[in-house]
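In what follows, a single structure is set out as C-alpha cells and then discussed.
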2 protein chains.
Amino acid sequence: MAVIDAVDARGRILDVTAALVLEHGVAGVAQRQIAEQVGIKAASLYHHFGSKNEIVEAVFRRGIDVMEHAWDEAAAAATAADRRTRLATHVRAHLSALFENGPYTAAHVTAFRTAPAEVRTAVVPMRDAYEARWTHLLSDLNLVDQPGLHRLTLFGAMNSSVEWFDTERGNLDELAEVITTQFWGRTP
Amino acid sequence: MAVIDAVDARGRILDVTAALVLEHGVAGVAQRQIAEQVGIKAASLYHHFGSKNEIVEAVFRRGIDVMEHAWDEAAAAATAADRRTRLATHVRAHLSALFENGPYTAAHVTAFRTAPAEVRTAVVPMRDAYEARWTHLLSDLNLVDQPGLHRLTLFGAMNSSVEWFDTERGNLDELAEVITTQFWGRTP
DNA sequence: GTCTATACCACGATAGAC
DNA sequence: GTCTATCGTGGTATAGAC
C-alpha cells in the first residue's frame, strides 16, 4: 500500500504538502508552493480542500493512518512471538511508517507540535489512540516501572531518526535492532 | 547564570523570540509579535538586529552556548567519577540546558531543522562541536559498537522531552536517571 | 532608542469565466 | 477541474522625525 506518487489530484496535493511540511514546518509552506509542485494554480487547491489547514489536517490524519496500519501488521505478525520479538517488531513497524510509506508520518511527528491549534485539536484523538496502543504494549511487556515515561523516550529516539537517518545509506532493520536493544536492556 | 528575564532591550528581544520560536517554529513567528511582547514597535527591532534571521541566529547561538556551559560544569564535576556517573551527570546537564536556563536550548533543538538555510549554515559549526563532545564521551565510555548512532538516539530521547516534560510536575533528576538507565543498560 | 508612516511583497482566500 | 483576476491582510524591511 504505497502512498507515494498518487495519480489523482487530491493525492498529489497531499503527497507534495507532506514533503514540504516535513522540510519547512506548516507555517513555512505556502499554498502557491504546493500548487506549483503539483502543477496547478493556488486557487485550484480550493476545489479539493476548503483551506490550508484542511490540507494539513488530511496530511496528519494520513500520517497517523500509516502508523496504525504498520502497527496492525506488526501485531498480526508477532502475536505468538516472545516478548523481545514483539517489541522489536513494533519498533521496526514504527520506523517503517516513518520512512517507507511516504512523508506523511514523518511530517506528522515533526510538524504537529507547532501546527495551528485548530489542526492539533482535530487530530489529537487519533494520536492518543496510537500512543495508547504503545503504552499498553510496554505495560504488557513489563520492562519498567513507568511504561508511560518509557514510551515517551522511546518515541523520542525513534522519531528523531527522521532528522538524521539516511534511507539511501542506512539499514532500517539495523536501526530497529539498535533501538530495541537500548530500550529492552542489554541483558533481558 | 540565569538567562531569563533580561533587563536590556536586546536581551528581552532574545528571551521573547526564543519562547515564541519554541512554540511556533521560526516561520510561525512574526516580528510584530515579538515586538508586542517586548513592548516596542516592530520597526524598533532593527535598532538591535539587522533582520529577523539575525535574531533567530542569536537565539540559536545562545541555545548552544547554554548547552556548552552545562557540559563544562558537568565535565568539571565528574572527571574523577566512575563511567556510569559521568554519563548520568552529562545527561542531567543536557536536560538542565533544555529546561533550566530559559527557552534558548529548547528553541534551538526543536526549530533548527526547519529554520531558513541561511540561519542553519551559520550555526552548524557550533552545533557540530557540541555533538562531537558527546560522541567522544560515548566512545570513551565504551558502551556500544556505534557511539555515533548511540548519540543520535540518546539525543532523540533527551530532546523529545521538551515536547512532553512538565517542569511543574516532573523531576529532572528522575528523568535524567531514567534516560541514563536506558542508555547505559540495566546491568552494566 | 523608539516612534510613525510607508513601501513592497507574499499570504490565504474568493468570484466567476471556461 | 483549472484558470485569471483580485481582495484584504499581514509579512519583512526602510526612511526619517523625535
Side-chain angles (χ1 to χ4, degrees), chain A residues 5-61 107 111-112 114-123, chain B residues 5-61 107 111-112 114-123:
Chain A
D5 298 331
V7 288
D8 59 311
R10 194 189 149 96
R12 270 182 293 128
I13 291 167
L14 294 181
D15 281 359
V16 165
T17 304
L20 286 172
V21 164
L22 171 59
E23 190 174 349
H24 300 111
V26 174
V29 177
Q31 293 178 212
R32 289 173 161 91
Q33 205 179 347
I34 297 167
E36 193 192 5
Q37 289 202 16
V38 171
I40 58 177
K41 297 294 174 182
S44 305
L45 294 171
Y46 286 86
H47 178 75
H48 304 278
F49 296 93
S51 67
K52 178 186 174 183
N53 278 356
E54 270 189 29
I55 305 178
V56 173
E57 185 184 322
V59 165
F60 284 177
R61 287 193 187 280
F112 173 83
T114 54
E118 179 196 329
V119 176
R120 291 203 316 275
T121 54
V123 301
Chain B
D5 298 331
V7 286
D8 59 310
R10 194 189 150 96
R12 272 182 291 128
I13 291 168
L14 293 181
D15 281 358
V16 165
T17 304
L20 287 172
V21 164
L22 170 60
E23 189 174 350
H24 300 112
V26 174
V29 177
Q31 293 176 216
R32 296 194 222 272
Q33 207 180 347
I34 297 167
E36 193 192 6
Q37 290 203 13
V38 171
I40 59 177
K41 296 294 175 181
S44 304
L45 294 171
Y46 286 86
H47 179 75
H48 304 279
F49 296 93
S51 67
K52 177 184 174 182
N53 277 355
E54 270 189 30
I55 305 178
V56 174
E57 186 185 321
V59 166
F60 284 177
R61 287 192 186 281
F112 173 83
T114 54
E118 179 196 331
V119 177
R120 291 203 315 274
T121 54
V123 302

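Listed by first and then second residue, the side chain to side chain donor-acceptor pair (under 3.5 Å) pairs involving residues 17-45 of chain B are B:Gln31-B:Tyr46 (not counting sequence neighbours).
As a whole-Å value, the separation of B:Arg10 CZ from C:dG1 P is 11 Å. Atom NZ in B:Lys41 sits roughly 18 Å away from atom C1' in D:dA15 (whole-Å rounding).
Partner of B:Val26 under the side-chain contact (heavy atoms from CB on, under 4.5 Å) criterion, out of B:Val56, B:Leu20, B:Val119: B:Val56 alone.
By the side chain to side chain contact (heavy atoms under 4.5 Å, CB included) test, B:Ala27 pairs with A:Ala27, sequence neighbours left out. Remark: B:Ala35 engages B:Ile40, B:Ala42, B:Leu45 in a side chain to side chain contact (heavy atoms under 4.5 Å, CB included) (not counting sequence neighbours). B:Arg61 pairs by the salt bridge (charged side-chain N to carboxylate O under 4.0 Å, His left out) definition with B:Glu57, not counting sequence neighbours. Residues meeting the side chain to side chain contact (heavy atoms under 4.5 Å, CB included) test with A:Glu54, sequence neighbours left out: A:Phe49, A:Ser51.
Within the structure, every side-chain polar atom (N or O) of A:Ser44 is placed at least 4.0 Å from both OP1 and OP2 of D:dG1. Checking the phosphate oxygens (OP1, OP2) of C:dT2, a side-chain nitrogen or oxygen of B:His48 falls inside 4.0 Å.
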For a quick check, with a 4.0 angstrom heavy-atom cut-off, what is the B/S/- contact string for nucleotides 5-18 of chain C, read 5' to 3'?
B-----BBBBB---
